[in-house]
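Data first, discussion second: the structure below is written as structure tokens.
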Amino acid sequence: MAAALTLLPNTAQAAQSYPDPQPITGQQIIHDPTVIALKSGGYVAYSTGGVIGARTSKNRVQWDDAGNAFATPPSWWYDYNSTGDPWAPDLSYRDGRYWLYYAVSSWGTNHSAIGVATSPTGLPGTWTDQGKAFTSETTDTWNAIDPAIVQADGKLWMAFGSYWTGIRLIELNPTTGKAIPGATVSQLATRPDAPYAVEGAYIVHHGSYYYLFASYDACCQGVNSTYKIRVGRSTTITGPYADSTGKPMLTGGGDLLLATHGRYIGPGGESIFQDKGKDVLAYHYYDGEDSGTPKLGLNTLTWTTTGWPKLL
């Protein structure tokens with residue numbers, strides 16, 4: 001456990017009340033969203049579904065269907081998924097280019113790969129696939145899915161993982177955007193007891209800490225989904241991460257940030273982006289008033305005086 005942790009209650013957890021997502025219109029159907037404010041103006045969101053489904057917006061309220069990131073799946077995807085269906089993209093910008101990471105796999109296996117593509121504009125139809133950034137096989141104790149990129153200490157890192165021992169972290173080559181051969185794979189979060197599920201990580205740096213957000217419990221079951229978002233923090237990118245009570249995320253810890261409330265069922269698949277100097281949490285939820293359809297949720301993310309995230 002990081003010695004510098006302040007062991008004070010997280011008010012977002014203690015109150016057990018959650019804000020509704022900000023109102024949006026247009027094409028709301030989305031799963032595992034990653035969103036960015038484009039340098040050219042407006043916004044783009046990518047998601048699981050299609051050949052990485054795309055949505056665009058001028059104002060972050062009205063969202064329009066923009067097709068797919070790729071016209072056709074790159075041929076190597078079929079080595080990991082017979083349908084060429086990618087999962088859980090991650091969108092970022094650095095060195096004058098947009099970077100899109102994504103996973104290709106099949107349910108119930110860790111024969112998986114994380115791919116990477118680059119674009120000068122970040123818009124659908126402009127992506128050039130750069131191949132595999134990292135892979136896992138059935139002999140590995142981790143699963144190469146759900147990528148999330150973070151820069152820390154002058155280095156480039158990728159959080160990833162799921163049921164196979166939970167969330168992991170590996171250093172990337174900043175030039176290629178791919179895993180450094182032989183780099184250490186650190187373990188950040190896992191759950192020792194059933195249902196074990198912890199996935200969909202995202203890491204942000206705020207103040208003196210790195211914050212690890214992750215989705216816990218059951219995804220992808222419509223109104224029966226039990227997904228929720230938990231968070232812990234560490235003074236170093238590689239951990240250890242712990243919640244506000246001091247419980248390590250390596251033993252199932254994590255403050256509850258967002259869970260089912262009202263019609264908003266099973267929120268998760270989260271990512272965070274900056275817009276006009278503010279942090280924004282993007283996630284999907286299953287709409288209990290629309291047959292469990294997965295939809296886009298957006299909430300401003302602020303920080304308490306004790307340094308813990310809180311949603312508005």
Distance from [X] atom [atom1] to [Y] atom [atom2], nearest 0.5 Å?
X      : Y      : atom1 : atom2 : value
Lys278 : Thr302 : NZ    : OG1   : 9.5 Å
Asp217 : Arg230 : CG    : CZ    : 7.5 Å
Lys132 : Asp79  : NZ    : CG    : 5.5 Å
Arg168 : Gln187 : CZ    : CD    : 4.5 Å
Asn224 : Ile265 : CG    : CD1   : 8.0 Å
Ser47  : His284 : OG    : NE2   : 10.5 Å

Checklist entry - Trp142 vs Phe160 aromatic rings, parallel, tilted or perpendicular, using cut-offs 30° and 60°? => result perpendicular

Does one side chain, of [X] or [Y], offer a donor that lies under 3.5 Å from an acceptor on the other?
X      : Y      : result
Trp127 : Tyr46  : yes
Gln28  : Thr293 : no
Asp279 : Gln274 : yes
Tyr101 : Gln130 : no
Thr48  : Asp32  : yes
Asp129 : Trp76  : yes
Ser112 : Asn143 : yes
Ser186 : Thr238 : no
Gln62  : Thr25  : yes
Arg233 : Tyr211 : yes
Asp255 : Ser244 : yes

Would you say the side-chain atoms of [X] pair up with the backbone N or O of [Y], donor to acceptor, closer than 3.5 Å?
X      : Y      : value
Thr165 : Thr141 : yes
Tyr78  : Pro74  : no
Ser234 : Tyr210 : no
Asn59  : Val61  : yes
Ser57  : Trp63  : no
Gln27  : Ile29  : yes
Thr235 : Ser208 : no

Using side-chain heavy atoms (C-beta onward) and a distance below 4.5 Å, is [X] in contact with [Y]?
X      : Y      : result
Arg55  : Leu296 : no
Lys295 : Asp290 : yes
Val44  : Ile36  : yes
Tyr80  : Pro86  : no
Thr138 : Asn110 : yes
Asn299 : Leu301 : no
Ile149 : Leu156 : yes
Leu38  : Tyr98  : yes

With a 4.5 Å cut-off on side-chain heavy-atom distances among I, L, V, M, F, W and Y, is there a chain of contacts connecting [X] to [Y]?
X      : Y      : answer
Tyr209 : Leu311 : yes
Tyr93  : Tyr202 : no
Leu188 : Ile170 : no
Leu312 : Leu257 : no
Ile272 : Trp308 : yes

Minimum heavy-atom separation for [X] to [Y], with atom names?
X      : Y      : answer
Ile203 : Leu169 : CD1-CD1, 4.2 Å
Leu212 : Ala189 : CD2-CB, 4.0 Å
Ala113 : Thr135 : CB-CG2, 3.9 Å
Gly67  : Asp65  : N-OD1, 2.9 Å
Thr260 : Ser225 : OG1-O, 4.5 Å
Met158 : Pro147 : SD-CB, 3.8 Å

Checklist outcome for this item: Students should find that the hydrophobic cluster of Trp164, defined by side-chain heavy atoms under 4.5 Å apart, otherwise consists of Tyr163

Checklist entry - Step by step, would you call Tyr286 with Cys220 a side chain to side chain contact (heavy atoms under 4.5 Å, CB included)? => result CA-CA 9 Å; Tyr286 301 93; Cys220 314; 4.1 Å; yes

Checklist entry - What's the verdict on side chain to side chain contact (heavy atoms under 4.5 Å, CB included) for Trp99 and Leu172, showing C-alpha distance, side-chain angles and the deciding distance? => result CA-CA 13 Å; Trp99 298 73; Leu172 304 182; over 6 Å; no

Next on the checklist: Does Trp77 form a ring-ring contact (aromatic ring centres under 6.0 Å, His included) with Phe70? I'd like the steps, not just the answer.
Outcome noted: CA-CA 12 Å; Trp77 290 7; Phe70 299 99; 5.7 Å; yes

Item to check | Ser215 vs Glu270, side chain to side chain contact (heavy atoms under 4.5 Å, CB included): CA-CA, chis, key distance, verdict | outcome: CA-CA 7 Å; Ser215 299; Glu270 72 286 340; 2.6 Å; yes

Next on the checklist: Assess the residue pair Ser162 and Trp87 against the criterion (side chain to side chain contact (heavy atoms under 4.5 Å, CB included)); give the C-alpha distance rounded to whole Å, side-chain angles, the decisive distance to 0.1 Å, and a yes or no.
Outcome noted: CA-CA 12 Å; Ser162 184; Trp87 297 349; over 6 Å; no

Item to check | Pairs flagged by ring pair (Phe, Tyr, Trp, His ring centres under 6.0 Å) wherever residues 242-272 is involved - sequence neighbours left out | outcome: Tyr18-His261, His261-Tyr264, Tyr264-Tyr285

